[in-house]
Amino acid sequence: MTLLLVLRVIHVVAGVFWAGTMFFVVLLLEPSVRSVGPDGAKVMGALQARGFMTIMPVVALLTILSGIGLYWRILGSPGPSWVASSYGAVLAAGGMAALVAFVIGIAVMRPATLAAGVLMRNAGGLPEGPERDAALQRVQVLRGRARGAARVVFVLLMLAVLTMAVARYA
């Protein structure tokens with residue numbers, strides 16, 4: 001019983017942080033940062049300096065691992081019987097959405113964001129000219145890739161949250 005309670009607390013708190021942060025980033029922060037132009041890069045740099053790009057994957061992983069632990073404890077040992085009930089199937093769908101969101105975040109969003117930050121810092125030291133323009137253009141491409149990935153992660157996490165909210169009623 002204690003393990004179940006600990007897993008549930010970790011899952012809910014970490015999941016709220018992960019999903020809530022992604023909702024905030026996609027709906028409010030990123031559009032605001034983009035609207036202020038070059039000064040927005042300072043905000044993103046400050047977030048990265050505070051460990052945002054390290055904290056988020058750790059929180060996401062805690063959410064996923066505690067979710068797997070809960071799934072295992074609530075529905076029994078792993079295997080095809082896991083999704084035999086509609087409750088299990090809905091939880092599995094939400095879990096898969098979160099897992100895919102995590103993979104996209106780690107494989108696409110995080111690398112593009114980090115690379116854009118490094119390239120932006122380096123471009124700041126370049127003299128005006130084609131080399132600097134090319135670097136800034138590459139920053140825009142990377143930011144666009146990160147923005148697109150963040151939107152997909154947002155949708156997947158919305159799906160995960162909704163499935164967790166309604167699974168009991170399936």
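If you read the sequence from its start, that first residue is 1, and numbering goes on from there. The figures here come from the full heavy-atom set of this structure, side chains too, leaving out hydrogens, waters and symmetry mates.
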Quick one: does L47's side chain get under 4.5 Å of L29's, heavy atoms only?
->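 They are in side-chain contact.
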
State, yes or no, whether a side-chain contact exists between D39 and K42 at a heavy-atom distance under 4.5 Å.
-> yes

Which value, rounded to the nearest 0.5 Å, describes the distance between [X] atom [atom1] and [Y] atom [atom2]?
| X | Y | atom1 | atom2 | value |
| --- | --- | --- | --- | --- |
| R168 | L91 | CZ | CG | 9.0 Å |
| M22 | R151 | CE | CZ | 11.0 Å |
| L99 | L156 | CG | CG | 10.5 Å |
| Q140 | R147 | CD | CZ | 7.5 Å |
| R143 | L119 | CZ | CG | 9.5 Å |

Which pair of non-hydrogen atoms, one from [X] and one from [Y], has the smallest distance, and what is that distance?
| X | Y | answer |
| --- | --- | --- |
| F102 | P57 | CE1-O, 3.6 Å |
| M164 | G95 | CE-N, 3.6 Å |
| A160 | G94 | CB-O, 3.4 Å |
| M120 | V139 | N-CG2, 3.7 Å |
| L7 | G69 | CD1-C, 3.7 Å |
| P111 | I106 | CD-O, 3.1 Å |

Begin with the C-alpha distance, continue with both residues' side-chain angles, and end with the deciding distance and a verdict on side-chain contact (heavy atoms from CB on, under 4.5 Å) for T113 and Q48.
-> CA-CA 9 Å; T113 302; Q48 287 182 21; 3.4 Å; yes

Which one of I55, V58, V59 satisfies the side-chain contact (heavy atoms from CB on, under 4.5 Å) criterion with W18?
-> V59

hydrophobic_cluster_shared for [Y] and [X], side chain cutoff 4.5 Å:
| X | Y | result |
| --- | --- | --- |
| V155 | V103 | no |
| V6 | V13 | no |
| V25 | L159 | no |
| V12 | L3 | no |
| L27 | V16 | no |

Residue pair T54, R110: steps toward the side-chain contact (heavy atoms from CB on, under 4.5 Å) verdict | CA-CA 9 Å; T54 302; R110 186 174 189 275; 4.0 Å; yes

Could you walk me through whether L65 and L61 pass side-chain contact (heavy atoms from CB on, under 4.5 Å), step by step?
-> CA-CA 6 Å; L65 292 177; L61 192 58; 3.9 Å; yes

Full working for side-chain contact (heavy atoms from CB on, under 4.5 Å) between M56 and F17 | CA-CA 9 Å; M56 289 307 295; F17 183 86; 3.6 Å; yes

Using atom types as modelled and distance alone, determine if a side-chain donor or acceptor of R145 lies under 3.5 Å from a backbone N or O of M109.
-> no

Please confirm whether the backbone N or O of S66 pairs with a side-chain atom of Y71, one donor and one acceptor, at under 3.5 Å?
->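 Side chain of Y71 to backbone of S66: no pair is present.
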
Taken in chain and number order and not counting sequence neighbours, the residues that satisfy ring-ring contact (aromatic ring centres under 6.0 Å, His included) with F154 are F23

